[in-house]
Amino acid sequence: MSEQKLPTRAEDFNEWYNQLVIRAELADYAPVRGCMIVRPYGWALWENIQASLDQRFKATGHLNAAFPLLIPKSFLEREASHVEGFSPELAVVTIGGNKELEEPLVVRPTSETVIGHAYAKWIRSYRDLPVLINQWCSVVRWELRTKLFLRTLEFFWQEGHTAHATFEEAEEETRRMLEVYADFAVHEAALPVIPGIKSESERFAGADRTYSIEAMMGDGKALQSGTSHNLGQNFAKAFDIQFLDRDGERKFCWTTSWGLSTRLVGAIIMVHGDDQGLVLPPRLAPFQAVIVPIHKNDDERAQVMEAIAGLQRELMAAGIRVKLDARDGLTPGFKFNDWEMRGVPLRIEVGPKDVAKQTVALARRDRPGKEGKAFVARDGVAAAVSATLNDIQAALLAKATAFRDARIRDVTTYDDFKEAIETGFARAWWAGDAALERQIKEETKATLRCIPLEQPGATGACFMTGRPATTQAIFARAY
RNA sequence: CGGGGCGUGGCUCAGCCUGGUAGAGCAUUCGCUUUGGGAGCGAAGGGUCGCAAGUUCAAAUCUUGCCGCCCCGACCA
């Protein structure tokens, strides 16, 4: 339950976020630094994200499996850049059953290695390929600075791991899953995202190519919201994943991995939330509509609750996730604020006047105050609710897209660039290298988020080097 | 690891400077009145003051050490 106002986003975006996560009851701090307890409301949101993604994974031919939490430390060391990338943030188990272990075990920071080990055993022939497996799990990375949902020591995600006979197939898979993420982000989470490829310096440790979807948060900063890696033959060589091809030759597989985490919950909060609290996209909201009964005495209460019972049945039958707030002793006003904090897309008020007039009041979360409130006929209300939820879903995407586009600036000079990243993304022709990226980062805190897949097609002069460039890149400060 | 802040009922905090019976608001429980935008009154329960040592007749308060958490920076999904 929430009793006071949040800081506004303009006042202190960071504090707004921290308080909102706690007060909307999405998550809480755990007894261990940097760890998070995902509360039922937050988990319900994650479950909807899972269901929606899982269905897409299955539709593209993937199966779920479960690989172990503990991995021999030596596994991590087999792929040179992988160990270099992850060793600083490993949690290592050295004692088991009171005895020092012969070989330390790491708590998985990601599962390429242990899955690579399994694939080496399972894959014999080109007929075994492709292998398309996903797992839902949590992983641990010993981060220095943490923040609920965005960066915690343990986080929940899915990681897909596939093996293919050719580079082209692996690349196709990598791009397909990036497309799945983008489609999910746009159509389910109402997050406009920019799919693109990472520069060498931002690449996953052990990948040949890393793709990501980048979203703009409500403060103009970027959040990498899903990644897809073409691992080439790096892990196949490290774990000896070979197959006998049609031509009778033994060859190394081409593997991919792709992941999307509970960080996406953070994206939803920071993109759609407003000064009243959370705003959830209807397609993912644990409750799409909340019914608030209004009554002054027992008579009214009986009437109203009876009307609501029928209403609730009808909405549920129409497939709408509806919550009845029958809590005693709280005023309607309190409940309005409470559910606004928790981001329920649509509020349905039912009072004595509604019962008498055969109406209900619908209040849209995305349009505060009277503007978003409408009285509709009780008859056919399920259709009206469904239509309104669709409207809200579309409105959230449109609003977020407009916000983002207004804050992407095409820049041609470093000065313009510095100005652009104060409020959003800078887009520019780019022909620089890793050293220049590092310099830009040191001077401005902005990083190369991605080189968007969608390019204007022309050429231009790199905004830093002046050299001819064939692609534009997106730069921003990022979470 | 650097900088900042904070540890006192479930939560937010006051009290500490200047040592002397542990406080407030919110929450909880009960009662009555309320209920279309964060209700009111009355009563009640609830605290090893982060841990340890020291100073003192006496420590939430002073001293020293330790631990933990949050925020900002470097590193990262």
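Naming: A, B, ... by sequence-line order, numbering from 1 per chain. Just so it is clear, the structure is predicted and the values come from calculations on it, not from any experiment.
No close placement of the A:Y181 and A:F184 rings is indicated, their centers lying 6.0 Å or farther apart. A ring-centre distance under 6.0 Å is found for A:H82 and A:F204. Not less than 6.0 angstrom separates the ring centroid of A:Y211 from the ring centroid of A:H229. For A:W43 and A:Y41, the distance between ring centers is not under 6.0 angstrom.
Partners of A:R78 under the salt bridge (charged side-chain N to carboxylate O under 4.0 Å, His left out) rule, at least two apart in sequence or in another chain, do not exist in this structure. Residues meeting the salt bridge (charged side-chain N to carboxylate O under 4.0 Å, His left out) test with A:R141, sequence neighbours left out: none.
Among pairs with a residue in residues 255-277 of chain A, those fulfilling ring-ring contact (aromatic ring centres under 6.0 Å, His included) read A:F57-A:W258, A:H62-A:W258, at least two apart in sequence or across chains. Counting only residues at least two apart or in different chains, ring-ring contact (aromatic ring centres under 6.0 Å, His included) contacts with residues 350-381 of chain A are absent.
Separation of the C1' atoms belonging to B:A60 and B:G9 is 14 Å when rounded to the nearest angstrom.
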Compile the donor-acceptor pairs under 3.5 Å between side chains in residues 185-197 of chain A and protein atoms, sequence neighbours left out, one pair per line.
| from | atom 1 | to | atom 2 | distance (Å) |
| --- | --- | --- | --- | --- |
| A:H187 | ND1 | A:D183 | O | 3.1 |
| A:H187 | ND1 | A:D183 | OD1 | 2.8 |
| A:E188 | OE1 | A:R283 | NE | 2.9 |
| A:E188 | OE2 | A:R56 | NH1 | 3.3 |
| A:E188 | OE2 | A:R56 | NH2 | 3.1 |
| A:E188 | OE2 | A:R283 | NH2 | 3.3 |

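Atom C1' of nucleotide B:U29 and atom CG of A:D328 are separated by 15 Å, given to the nearest angstrom. Protein atom CG of A:D28 is 11 Å distant from nucleotide atom C1' of B:C11, rounded to whole Å. Taking atom CD on A:E25 and atom C1' on B:C11, their separation rounds to 13 Å, with Å as the unit.
Distance check, rounded to the nearest 0.5 Å: CG of A:L76 to CD of A:E84 gives 13.0 Å.
Shown for residues 433-449 of chain A: residues whose heavy atoms fall under 4.0 angstrom of RNA chain B, namely A:K441. Listed by residue number, the members of residues 347-365 of chain A with any heavy atom below 4.0 angstrom from RNA chain B are A:R347, A:E349, A:G351, A:P352, A:K353, A:D354, A:A361. Within residues 41-50 of chain A, no residue places a heavy atom under 4.0 Å from RNA chain B.
Ring planes of A:Y414 and A:F417: tilted class, angle from 30 to 60°.
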Show each protein N/O and nucleotides 68-71 of chain B N/O combination with a separation under 3.5 Å, one pair to a line.
| from | atom 1 | to | atom 2 | distance (Å) |
| --- | --- | --- | --- | --- |
| B:C69 | OP1 | A:R33 | N | 2.9 |
| B:C71 | O3' | A:N14 | ND2 | 2.9 |

List, with names and distances, any nitrogen or oxygen atoms from the protein found under 3.5 Å away from nitrogen or oxygen atoms belonging to nucleotides 33-35 of chain B.
| from | atom 1 | to | atom 2 | distance (Å) |
| --- | --- | --- | --- | --- |
| B:U35 | O2' | A:H295 | O | 3.3 |

Identify all pairs in which a protein N or O lies below 3.5 Å from an N or O of nucleotides 2-7 of chain B, and state each distance.
none

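Taking a pair as Watson-Crick or G-U with both hydrogen-bonding distances under 3.5 Å, the stems of three or more pairs touching RNA chain B are B:1-7 with B:67-73, B:10-13 with B:23-26, B:28-33 with B:39-44, B:50-54 with B:62-66.
Using a 4.0 Å heavy-atom distance criterion, A:T210 is classed as making no nucleic acid contact.
Under 4.0 Å is where a charged nitrogen must lie from a carboxylate oxygen, and between A:D338 and A:R327 at least one such pair does.
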